[in-house]
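The structure under discussion appears below in the form of structure tokens.
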Amino acid sequence: MKICSLVPGATEIIAKLGLADQLVAISHECDYPASVRHAPVVVEPVVGSGASTSRDIDRAVKELVASGQRVYRLNIPRLLEAEPEVILTQDLCHVCAVTPDQLTQAIESLPATPQVVTLNPASLSDILQDVERIARAVGAEARGQALVQSLRAGLAQVRSRATAAARPRVVCLEWLDPLYIPGHWVPEMVALAGGEDVLGNPDQPSRETTWEEVGEANPDLLLVMPCGYPVQRTLEELARVERTGGPWSTVLAQWPATYVVDAAAYFSRPGPRLLDGVELLADIFHPSPSRPLDPEKAMQLSPSLFALEPQHDAR
């Protein structure tokens, strides 16, 4: 079967189902696992991330949306050449990926109308249901059920490990400038890992916030997880903010327990690695010598980290 996945989380699900070799088209963000990278990329962003600050990216995206322009370009000739039988897309975030309305022209031009599976998850339960929906669409229903059972078992294991411990009050930051609080499945992940997300609303969209609101929430722990950023890129962004008079030195003085986590891999994408994200949170909330943090996945912030010169991330 010829599969086109325009959603990184869905691409990871396809790989988990053992069907990476059937991918004929992917988005520019579909970079994991390595087995999916053979597929042609049919989506590219209009706004280049590169060395841009989070403020620059936010402003550019808002200007595009306000003017009715697309945030992503769909390479229609390349998609037509792929002739997909199933297309996986999303309608959750119109600034995160290609949406179904952008596919209309391409679909009408294909020799045979593909099955379009539109994903719109707001919770972990929705994501597990999407695994089963994707599996049915690509003829791998039994594998999908097995994957869901495995993910449910893993989540239950983390939850049982966290129930006996004290629950830290947590504030998560999904964007740095302006500040955003994540919603959807992130507060649920925090709860499963043994914490209390004091500002996030489960099953609801992300929202803008202020340092004043963060301070009034009086968290025990701050998690910095800019959407789509790995740890190194977040550190570079924080260093830029700090050099231009940002508040991070003050933040670290007020909340010593401040962590940067790999949002790109474990929090932003609604896919199988969210289980790894819950496990990572549990290790942060309830540290153990037997489970040290991998600095590529999570790192506690300290003022010395801001002295690092920025290095451009290769992703």
Side-chain angles (χ1 to χ4, degrees), residues 52-59 61-62 95 162 165-264 266-268 277-278 280-287 293 295 297-308 310:
S52 298
T53 65
S54 54
R55 169 62 69 176
D56 293 335
I57 295 171
D58 178 76
R59 183 185 300 113
V61 168
K62 286 178 177 176
V95 300
R167 302 180 71 84
R169 292 169 54 82
V170 181
V171 165
C172 302
L173 297 177
E174 189 181 66
W175 202 247
L176 301 178
D177 189 10
L179 291 178
Y180 268 82
I181 298 294
H184 298 121
W185 49 84
V186 172
E188 187 179 358
M189 295 174 69
V190 170
L192 285 170
E196 178 189 359
D197 190 331
V198 294
L199 291 182
N201 296 314
D203 303 349
Q204 298 297 315
S206 303
R207 64 178 181 85
E208 197 165 338
T209 189
T210 63
W211 280 116
E212 182 179 10
E213 184 183 22
V214 173
E216 290 175 351
N218 192 29
D220 302 312
L221 190 148
L222 198 65
L223 291 177
V224 185
M225 49 173 65
C227 184
Y229 281 22
V231 169
Q232 182 58 41
R233 181 167 180 185
T234 300
L235 294 176
E236 293 166 5
E237 175 68 3
L238 290 173
R240 279 193 287 263
V241 173
E242 181 72 7
R243 286 195 300 274
T244 56
W248 286 99
S249 295
T250 304
V251 170
L252 292 178
Q254 187 170 358
W255 297 297
T258 302
Y259 289 82
V260 168
V261 297
D262 186 344
Y266 306 114
F267 298 95
S268 303
V278 175
L280 180 60
L281 291 180
D283 291 338
I284 292 173
F285 299 162
H286 310 296
L293 290 179
K297 296 180 179 180
M299 180 182 297
Q300 185 167 5
L301 283 181
S302 65
S304 62
L305 290 174
F306 294 135
L308 296 175

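What's counted below: heavy atoms across the whole structure, side chains too, no hydrogens, waters or symmetry copies.
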*List the steps, then state whether side-chain contact (heavy atoms from CB on, under 4.5 Å) holds for T234 with E237.*
CA-CA 5 Å; T234 300; E237 175 68 3; 5.6 Å; no
*Test side-chain contact (heavy atoms from CB on, under 4.5 Å) applied to E213 and L179, step by step*: CA-CA 10 Å; E213 184 183 22; L179 291 178; over 6 Å; no
*Compare all side-chain heavy atoms of I181 with those of L173 and state whether any distance is below 4.5 angstrom.*
yes
_Apply side-chain contact (heavy atoms from CB on, under 4.5 Å) to residues L238 and L301 and explain how you reach the verdict._
CA-CA 10 Å; L238 290 173; L301 283 181; 3.8 Å; yes
*Could you walk me through whether L293 and Y259 pass the side-chain contact (heavy atoms from CB on, under 4.5 Å) check?*
CA-CA 11 Å; L293 290 179; Y259 289 82; 3.7 Å; yes
*Got V171 and V198 here, is their nearest side-chain heavy-atom distance under 4.5 Å?*
yes
Please list, one pair per line, the donor and acceptor atoms closer than 3.5 Å that link side chains of residues 182-196 to other protein atoms, with sequence neighbours excluded.
from	atom 1	to	atom 2	distance (Å)
W185	NE1	F267	O	2.8
E188	OE1	L124	N	3.0

*asked:* A side-chain contact here means heavy atoms from C-beta on lying under 4.5 Å apart; do D197 and C172 qualify?
replied: yes
_Distance, nearest 0.5 Å, that separates CD of E174 from OG of S268_ = 6.5 Å
*Ignoring hydrogens and angles, tell me if any N or O in the side chain of N201 forms a donor-acceptor pair with the backbone of Q204 under 3.5 Å.*
no
*Per the side chain to side chain contact (heavy atoms under 4.5 Å, CB included) rule, which among V170, L221, L223 passes with L281?*
L223
*Should D283 and K297 count as side-chain neighbours, where that means a heavy-atom distance under 4.5 Å?*
no
*Which atom of P168 lies closest to which atom of H286, heavy atoms considered*: CD-CE1, 4.1 Å
*asked:* Can you give me the closest heavy-atom contact between A263 and P226, atom names plus distance?
replied: CB-O, 3.2 Å
*For the pair D220 (side chain) and R169 (backbone), establish whether a donor and an acceptor sit closer than 3.5 Å, ignoring hydrogens and angles.*
yes
*For C227 against W175, the heavy-atom pair lying closest together*: O-CZ3, 3.8 Å
*For A298 and I284, work out which heavy atoms get closest and say how close.*
CB-CD1, 4.0 Å
